[in-house]
Each structure stands twice: as C-alpha cells, then as structure tokens.
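Here the structure is laid out as structure tokens; the discussion comes afterwards.
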There are 2 protein chains.
Amino acid sequence: MTKQRKLIIGIVNSSRNHPTAAEIYSEARRMMPSIAVGTVYRNLKLLTNAGEIRKLSFPGQPERYDRIEHPHGHLYCVACGGINDFDISPALRDEILAHAGERAISCDVTIDYLCDACAGSK
Amino acid sequence: MTKQRKLIIGIVNSSRNHPTAAEIYSEARRMMPSIAVGTVYRNLKLLTNAGEIRKLSFPGQPERYDRIEHPHGHLYCVACGGINDFDISPALRDEILAHAGERAISCDVTIDYLCDACAGSK
DNA sequence: CGAAAATTAGGAATGATTATTAATTTCAAC
DNA sequence: GTTGAAATTAATAATCATTCCTAATTTTCG
C-alpha cells in the first residue's frame, strides 16, 4: 500500500464525476507532481480487479472509473456524452440479476437519453 | 449506398457474435479483398449514427457492433470477456426507461457474471 | 453520357493504454 | 533501527484501436 495507491483510491472515492484515467492523473499530480501516468493506470487496474472500484465503458470515450456504493444506473446523453447517475431499487436490481442465474455478480444499467442542456438547446 | 456499405450492413446483421470492427473488417475482406479498414470504421460510425446498427462498449476490449432487433440485454463474463444475450421483457424495459423520463431513447443492461465454461474450469 | 458530389483505398497521425527497465520504496525479520 | 528481498515507481518506448488526410474512383442524377 504505497502513498500513490492511497492517493488514487482517495481521488476515485471522493469523486462524483466518473473520472477518466487522464482526469485522475491530472488530479493526482496536484497532490504529488512526480506521479507517473503508468502508475495511475496500473493502480486503477489493480483496484478494479480487487473489486475496490468499478470501471465503466461508454462509446467513443476513454474508460471511466466509479466508486462502489449503493447500486445505481447511468444516464448517458447521446448528444454530449455526459453521464449522470440514477437510483435503482434493490427490487429492480434483483429482477435484472435473476436473468443470469446463480453466477450473476453485478449489473450495469445505462439509459441513452437527451440531458436537460442538450434537449433545451434544440 | 455503395457495395462496401451494403457488405458491412450484411455482415453486422447476419452476425450473432457482437463483432468488433476488426472482425467485421476481416470478414469483409473475404468477400472484397480491396476494402480498406478506414472504410469499415467510417461506415460503422455512419450506420450507428443513422440508427441502423448499435454500438456496444465493454471494459478492456474494442467497441462491438450489434444489430437492432427485439430488445435484449448482455451477459458479460468477467473471466473471459465473452458476451451472450438474454431476453428482456417489454415490461422490465419500460420500468427501466421510466427512470429517465420523457427523453429516454433506449437502454443497455449488462450483467457481469461467470459463464458456464469459466465457472466449470475452477 | 457527363459533371458534381460522395466515397473509397492507402497510409499517416492521434489518443488511450500497456510494456519495459533501472531506480526507489515498502515491509517483515532480525 | 538495519537489512535485504519483493513490490512498486517514474520515465519512456511501444502497441492497439480509431480517426484523419488526400488523390483517385465510383455513384448519382439531370
């Protein structure tokens, strides 16, 4: 458990923006200017595999990282690529997970939509 | 509507494997050896924007393309990265889409799980 | 047919991510 | 607290997926 790793965990867990690796790197440099980009990527992968954080994929943009907390889904604006969260009830979550039987681990629900800003500007 | 575009539409619509751009290119070359990789990417983007095919994103792998048919969700094996489909009832789909209000367009439901093969080999 | 517009092939360029390597840091045992 | 092996780091090169560029070809449609 190095200080670099602690810093990266802290950034992801205190962020509400689903940051990309580049954004995490940029934020990390503010606290530790000598940190290397490879260190950020390696630790993000390590933490993801360890189940401490979650990786999110959206079309046409770099991977994003999310903390693990009460289950939530994502709203993906097809116009601007912005991402917001929405709450998923445990009941709905269980209903979805039932489709994969015993071996289900978790689920990601993403709704493509038009966000307020993009809908307003048309 | 060029022959290249027709070929690419045909490959995606006749495939049940959520192929990547590289796989589509490779298949396309079998029918038309002179086709260029840039042509495949450009047409896939065009067809996606036109709503004729659908783009899927999964962590750690290139983008995949899927035909548009009766709504279905995806099972993503966290061990091998393999992807399978599962059916989603219209009722469940509507229940999910309700979370985004009027401006919802579509939804992607992905369940992380262990596929039969990966669960068996442990 | 013939000209304008769109598309293509080929390859260079870009951006995100991973691999490499020598130097530094961590951590448990003394 | 010192020590030394194992893990980790910084820096940079390399790789992979995807996009951009340009001249040549094809399509469209009057």
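All chains are named by letter (A, B, ...) in the order of the sequence lines, taking the proteins before the strands, and each is independently numbered beginning at 1. All values derive from a computational prediction rather than experimental measurement.
Note: the hydrophobic cluster containing A:Phe58 also contains A:Leu114 (ILVMFWY, side chain heavy atoms under 4.5 Å, direct or indirect links).
Note on A:Gln61: every side-chain N or O is 4.0 Å or more away from OP1 and OP2 of C:dA16. Side-chain N/O atoms of A:Ser34 include none lying less than 4.0 angstrom from OP1 or OP2 on D:dT9. Taking only side-chain nitrogens and oxygens, A:Thr20 never comes nearer than 4.0 Å to OP1 or OP2 of C:dA16. Contact check, A:Arg42 against C:dT18: no side-chain N or O comes under 4.0 Å of OP1 or OP2. Residue A:Arg5 has a polar side-chain atom (N or O) positioned under 4.0 Å from OP1 or OP2 of D:dT8. Between B:Gln4 and C:dA9 there is a side-chain N or O to OP1 or OP2 distance below 4.0 Å. When the side-chain nitrogen and oxygen atoms of A:Lys45 are compared with OP1 and OP2 of C:dT17, none of them lie within a distance under 4.0 Å. Phosphate proximity of C:dA9 to B:Thr39: present, with a side-chain N or O under 4.0 Å from OP1 or OP2.
Put simply, CD1 on B:Ile8 is 12 Å from P on C:dT7, counting in whole angstrom units. Between the CG atom of A:Leu7 and the P atom of D:dT8 there is a distance of 16 Å, given to the nearest Å. Taking atom CD1 of residue A:Ile9 and atom P of nucleotide D:dT8, one finds them 12 Å apart after rounding to whole Å. Protein atom CG of A:Leu44 is 13 Å distant from nucleotide atom C1' of C:dT18, rounded to whole Å. Note: CD1 (A:Ile35) to P (C:dT24) measures 18 Å, nearest angstrom. What separates CZ of A:Arg29 from C1' of D:dT9 is a distance of 14 Å, to the nearest Å. In this structure, OH of A:Tyr25 is placed 10 Å from P of D:dT12, rounded to the nearest angstrom. Atom pair A:Arg64:CZ and C:dT17:C1' shows a separation of 16 Å (rounding to whole Å applied).
The distance from the OH atom of B:Tyr113 to the CG atom of B:Leu75 is 5.0 Å, given to the nearest 0.5 Å.
Map B:Gly38 and B:Lys3 each onto its nearest nucleotide of DNA chain C; the residue landing nearer the 5' end is B:Lys3. For B:Tyr41 and B:Met1, each mapped to the nucleotide of DNA chain D holding its nearest heavy atom, the one lying further toward the 5' end belongs to B:Tyr41.
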Should A:Ser106 and A:Arg54 be marked as a side-chain hydrogen bond (donor to acceptor under 3.5 Å, both in side chains) after you check the CA-CA gap, both sets of side-chain angles, and the distance that decides it? CA-CA 11 Å; A:Ser106 66; A:Arg54 175 181 276 269; 3.0 Å; yes
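A 4.5 Å side-chain heavy-atom check between B:Val109 and A:Asp108 finds every atom pair outside the cut-off.
A donor-acceptor pair under 3.5 Å links the side-chain atoms of A:Ser14 to the main chain of A:Gly10, judged by distance alone.
Ring-plane geometry between A:His72 and A:His18 is classed as tilted, the angle between the planes lying from 30 to 60 degrees on a 0 to 90 degree scale.
Nearest nucleotide to the side chain of A:Asn43, out of D:dA10, C:dT17, D:dT9: D:dT9. Here the nucleotide nearest the side chain of B:Thr2, chosen from D:dA10, C:dT7, C:dA9, is C:dT7. For B:Pro62, whose side chain is taken as the heavy atoms from C-beta onward, the closest listed nucleotide among C:dG10, C:dT17, D:dT18 is D:dT18.
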